[in-house]
Amino acid sequence: MKKILNNPADYVDEMLDGFVAAHPQFYAQPERRVIARPEGATSGKVGIVSGGGSGHLPVFTGYVGPGFLDACAVGDVFASPSAEQMASAIRHADGGAGVLRLYGNYGGDVMNFDMAGEMVDMENDIRTATVLLADDIVSAGKDEAEKRRGVAGMIYAFKIAGACADTKADLDEVTRVAQKAADACRSIGMALTPCIVPQAGKANFELGENEMEMGMGIHGEPGIWRDALRPADQIVDEMIDRILADHPFSKGDRLSVLVNSLGATPLEELYIMYRKVKQRFDAIGAEIVMPLVGRYATSMEMTGATITTIALDDELERYLKAPAACAYWRVG
Amino acid sequence: MKKILNNPADYVDEMLDGFVAAHPQFYAQPERRVIARPEGATSGKVGIVSGGGSGHLPVFTGYVGPGFLDACAVGDVFASPSAEQMASAIRHADGGAGVLRLYGNYGGDVMNFDMAGEMVDMENDIRTATVLLADDIVSAGKDEAEKRRGVAGMIYAFKIAGACADTKADLDEVTRVAQKAADACRSIGMALTPCIVPQAGKANFELGENEMEMGMGIHGEPGIWRDALRPADQIVDEMIDRILADHPFSKGDRLSVLVNSLGATPLEELYIMYRKVKQRFDAIGAEIVMPLVGRYATSMEMTGATITTIALDDELERYLKAPAACAYWRVG
Amino acid sequence: MATLDSARLKAALQRVAAGAAAAAAELNAADGQLGDGDLGITVSKGFAAAAEADLPSDLGMAFLECSKAFQRVSSSSYGTLVATGFMAAAKSAKGFETLEVSAIPALVAEARDAMMARGKGELGAKSVLDSLDACAKAIEDADAAEMGDKAVAAARQTLQDFKGRPCKLGRARMFTEKSAELDDPGQLAFLRIVEAAVPTAE
Amino acid sequence: MATLDSARLKAALQRVAAGAAAAAAELNAADGQLGDGDLGITVSKGFAAAAEADLPSDLGMAFLECSKAFQRVSSSSYGTLVATGFMAAAKSAKGFETLEVSAIPALVAEARDAMMARGKGELGAKSVLDSLDACAKAIEDADAAEMGDKAVAAARQTLQDFKGRPCKLGRARMFTEKSAELDDPGQLAFLRIVEAAVPTAE
Ligand SMILES: Nc1ncnc2c1ncn2[C@@H]1O[C@H](COP(=O)(O)OP(=O)(O)O)[C@@H](O)[C@H]1O
Ligand SMILES: Nc1ncnc2c1ncn2[C@@H]1O[C@H](COP(=O)(O)OP(=O)(O)O)[C@@H](O)[C@H]1O
Ligand SMILES: [Mg+2]
Ligand SMILES: [Mg+2]
Ligand SMILES: [Mg+2]
Ligand SMILES: [Mg+2]
């Protein structure tokens with residue numbers, strides 16, 4: 001296991017200690033495994049919480065910050081936080097206007113966030129709403145789109161929902177806008193090498209010396225096909241074709257695109273991919289607004305990349321461009 | 001070779017196409033392999049150019065931007081740009097107040113930048129100066145510090161020199177400040193897995209299944225020792241001890257620290273390292289200002305990390321904190 | 001034993017904690033084939049915490065403590081589901097210091113329903129829900145003496161019934177073929193829990 | 001041949017281009033042992049570009065074209081050093097359409113000095129500088145007929161002289177032991193260049 005760590009059992013807690021120490025202007029850890037804004041919740045603003053397993057930095061907890069999330073519950077690597085931790089995150093995000101739970105559609109997270117919602121409802125009288133991120137087009141067909149997993153597209157939803165909440169819109173409105181953003185995202189991934197969950201100590205899947213897997217999920221969930229590594233342009237073409245089949249774009253449409261590394265794939269290669277992505281949307285005549293290329297949602301040291309599109313209308317574009325800041329993404 | 005690319009010979013050019021397409025607000029490519037500011041050189045301001053081999057993004061060319069560099073010459077992966085490209089970068093950076101060449105101390109780069117300086121002197125009457133970055137404490141002893149290689153510390157020099165140039169200081173003053181910043185940096189690296197130079201198609205070195213190498217350079221230059229992987233805290237302790245032996249810090253001192261991934265090492269592990277770094281300087285009573293944790297100077301998909309310290313006085317701290325922006329680092 | 005009270009619940013929890021600790025490696029391995037390999041940890045840690053909890057004499061509050069103990073130590077699906085089941089039982093048992101054994105089948109059925117709602121799961125999807133359902137039905141009209149054996153038999157039979165069928169819930173659903181060949185880890189865990197809960201005749 | 005002019009320079013460059021192309025794989029391999037494996041590419045591309053360049057009749061300008069050709073196609077150390085050497089020759093030869101062969105040793109020595117300055121290198125560090133130095137000395141007082149053979153012999157002898165000594169310049173200096181065992185790639189390249197430059201007797 002080639003990882004820089006001490007005791008694998010301490011991986012997440014030591015990571016959070018360093019994370020908060022490095023960026024005290026953005027993050028505080030008021031309780032173990034709960035990250036919140038150092039200045040506390042904003043009174044009268046809808047709070048937005050997320051959460052999920054560790055191992056995906058900057059997702060989830062890196063997106064706590066002005067114009068983004070208010071708090072986050074942090075689980076073990078690739079494991080849900082507990083309902084108690086989620087309830088605590090909700091309490092820290094609550095500014096009296098209710099709290100939106102905005103997180104990826106994974107069974108364990110859903111059960112625990114539902115339970116957390118019941119807990120804060122009973123104990124703290126906090127009104128909550130839920131928007132699930134389900135942007136991975138490979139994880140279920142279009143007819144069962146609500147079963148899809150949430151992947152990198154979530155960062156657009158964090159940004160847009162955060163900007164809406166900043167206008168002091170009420171919980172219903174923030175929920176509507178977050179759902180609209182979530183619905184506008186489509187993602188697909190591909191992987192070349194696995195990552196190692198520290199407590200497991202071994203790779204979470206195996207791929208042959210020269211193999212890639214199209215459509216693989218961020219925890220190694222099986223994809224569409226596994227075969228010899230293809231040239232970058234061919235890979236991107238297939239990814240874009242699959243996205244377009246699920247959500248067509250036409251001339252004059254506006255969108256943002258995220259070309260995201262799962263961790264080890266270097267920026268150099270993301271730009272080679274982005275070059276092709278840009279060519280494809282130029283050919284359609286759709287305009288890419290605020291493209292993102294980098295490591296925005298990872299699986300530790302996994303090699304591979306995801307592409308996300310988000311179709312924009314005036315409302316979503318306005319919220320996407322509104323000022324926001326966290327340690328990994330700053331707008332305005 | 002598990003890399004997302006097309007023809008290896010096109011790796012750098014396709015990367016640059018995507019790079020410029022993704023961030024048109026920061027980067028333009030007025031000539032092949034020359035990246036400059038889209039708004040052109042600032043009249044009356046000292047220009048700052050850098051350059052070197054590709055494969056280190058965001059280094060070098062990612063640091064072109066307001067408050068940072070003015071232009072950059074881009075070589076093949078791990079290979080110097082040509083003197084012609086460097087001369088072209090110098091011309092694009094020239095605002096009539098002279099140009100500082102600020103780059104890493106590697107033989108090929110030095111020869112070509114020297115030649116480029118002669119070229120622009122003869123052909124364009126541009127006055128130039130040179131500051132070499134030589135922060136890697138492992139690459140030569142303290143008595144031969146001028147022979148050391150330049151690694152991640154260069155980003156502090158880019159930031160500080162850029163801020164000084166922004167005050168419209170003259171070439172001598174910008175050179176003095178850049179040299180002072182370069183002299184204040186100390187770096188050390190460690191590696192776990194190699195990277196692949198696309199045109200070579202194979203790993204640039206080999207390390208055993210559970211081996212690490214302390215002090216390895218960013219191109220795989222041999223380090224101090226190679227042995228079984230140690231726990232994170234022990235690794236950090238040795239790195240900090242070696243830095244302190246070369247440049248002691250004491251109570252009340254101020255410094256910035258960069259904990260940098262060579263590529264594949266995830267943010268999670270950098271934070272585990274930073275936690276220990278912070279403990280060490282807390283114990284000394286030295287204050288860390290504006291810590292940086294992330295991927296600031298990489299070797300594509302290499303696994304490993306570097307630690308850089310920069311001792312600050314009022315002048316360096318003021319320039320470090322001055323506003324600046326590029327696609328990877330924004331201050332103010 | 002014809003009635004259930006807090007002391008007997010605690011004794012049962014202690015037996016299950018011991019049984020779960022003994023089965024932890026087996027359950028981790030089973031979950032490792034189809035999921036993330038933590039099921040043994042979840043079940044053993046969860047029941048250990050529940051067995052150590054101070055149980056109030058009100059049975060409803062006692063079940064609530066069990067639920068909370070699980071929520072504290074485990075966030076994996078099974079832990080949350082078990083916590084949900086205990087919570088459902090807590091609601092029904094509230095206000096009682098003793099319950100007839102004949103009330104148990106209804107508690108099991110209520111736990112099943114709450115867990116179905118929590119995990120948005122259906123019966124027949126090869127999950128712990130099917131084990132609970134089979135047990136609830138098998139002990140519905142059983143008298144106290146035979147209830148334990150019937151529960152164990154039903155839990156065992158569920159594993160048999162689902163041989164060759166794929167898991168359609170939880171992480172295991174990603175492996176259609178492999179999950180058809182193997183036991184659902186959650187059903188296996190349920191069998192080990194029930195086996196341990198039922199005091200052996202000897 | 002007792003004089004050098006632009007046409008003869010071009011003919012020599014064409015011979016070297018052919019020789020460098022033939023030696024490219026060998027030189028890449030040698031550089032691959034101690035460096036980044038591009039020396040064959042550098043030398044073959046550089047001389048191909050120089051051989052193709054339109055050479056003006058002024059010998060100084062002709063050498064300048066050679067220098068520029070190298071700078072365009074190669075940025076590796078050897079390319080820059082060769083370009084530097086040609087530049088130095090250009091300065092001396094400027095204004096001459098023909099040069100006596102007896103002027104060549106001085107050009108080689110000037111190239112050596114410029115290359116030492118450019119690369120901040122010293123003699124004895126096992127680099128191409130030693131080959132140049134040996135050649136410059138060997139041909140210093142040679143007459144036209146024997147100059148070629150003496151140059152080849154000196155280039156070959158340099159490789160011999162440095163056997164067992166480590167490289168102290170360029171990337172190879174990182175490998176003290178290995179570089180002592182092996183030939184310096186730059187010295188080997190120099191030998192291949194000189195061998196090709198000297199027209200064979202037959
Ligand atoms: N949504 C669900 N509804 C009912 N049972 C489920 C559900 N998800 C998982 N399970 C059960 O839980 C077992 C796995 O538990 P566990 O290892 O805790 O899950 P994970 O680690 O994937 O969160 C499965 O074998 C199945 O029996
Ligand atoms: N600073 C220097 N001074 C003189 N010769 C040098 C210097 N650096 C390298 N060389 C010569 O160049 C050869 C390597 O050339 P090349 O492969 O082009 O270098 P690189 O690819 O490392 O830039 C060495 O074998 C040595 O003879
Ligand atoms: Mg599991
Ligand atoms: Mg789990
Ligand atoms: Mg070389
Ligand atoms: Mg080279």
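Convention: sequence-line order gives letters A, B, ...; per-chain numbering from 1.
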Reported CG-to-CG distance for the pair N6(B) and D233(A), which is rounded to 0.5 angstrom: 3.5 Å
Could you give me the CA-CA distance, side-chain angles and deciding distance for K2(A) and T303(B), then say whether side-chain contact (heavy atoms from CB on, under 4.5 Å) is met? CA-CA 8 Å; K2(A) 285 219 156 172; T303(B) 311; 5.5 Å; no
Looking at chain B, which one of K276(A), K278(A), Q25(A), E209(A) has the largest number of heavy-atom pairs inside 4.5 Å, strictly under? E209(A)
Looking at G62(A), G18(A), S54(A), which makes the most heavy-atom pairs under 4.5 Å with chain B? G18(A)
Might you work through the side-chain contact (heavy atoms from CB on, under 4.5 Å) test for Y271(A) and D17(B), ending with a clear yes or no? CA-CA 8 Å; Y271(A) 286 122; D17(B) 284 352; over 6 Å; no
Heavy-atom contact with chain A under 4.5 Å, split by part of P198(B): neither
When rounded to the nearest 0.5 angstrom, what distance separates CD in E268(B) from CD1 in I4(A)? 12.0 Å
Under 6.0 Å between the ring centres of H23(A) and Y274(B)? no
Below 4.5 Å from any heavy atom of chain B, which atoms of L207(A) appear? Answer side chain, backbone, both or neither. both
Just by distance, no angles: are the side chains of E269(A) and Y11(B) close enough, under 3.5 Å, to form a donor-acceptor pair? yes
Is M273(B) in contact with chain A via its backbone, its side chain, both, or neither, using a 4.5 Å heavy-atom distance? side chain
Specify the closest pair of heavy atoms between A264(B) and A264(A), including all atoms of both residues, with the distance to one decimal. CB-CB, 3.6 Å
Under a 4.5 Å heavy-atom cut-off, does chain A meet the side chain of I288(B), its backbone, both or neither? neither
Measuring from atom CD of E301(A) to atom OG1 of T193(B), what distance do you get when rounded to the nearest 0.5 angstrom? 9.5 Å
Taking all non-hydrogen atoms of both residues into account, name the closest pair between L229(B) and K3(A) and its distance. CD2-O, 3.5 Å
Heavy-atom proximity to chain A below 4.5 Å, by part of M190(B): side chain
Say you draw a straight line from OG of S261(A) to CZ of R295(B); how long is it, rounded to the nearest 0.5 Å? 6.5 Å
What part of L267(B) lies closer than 4.5 angstrom to a heavy atom of chain A: side chain, backbone, both or neither? both
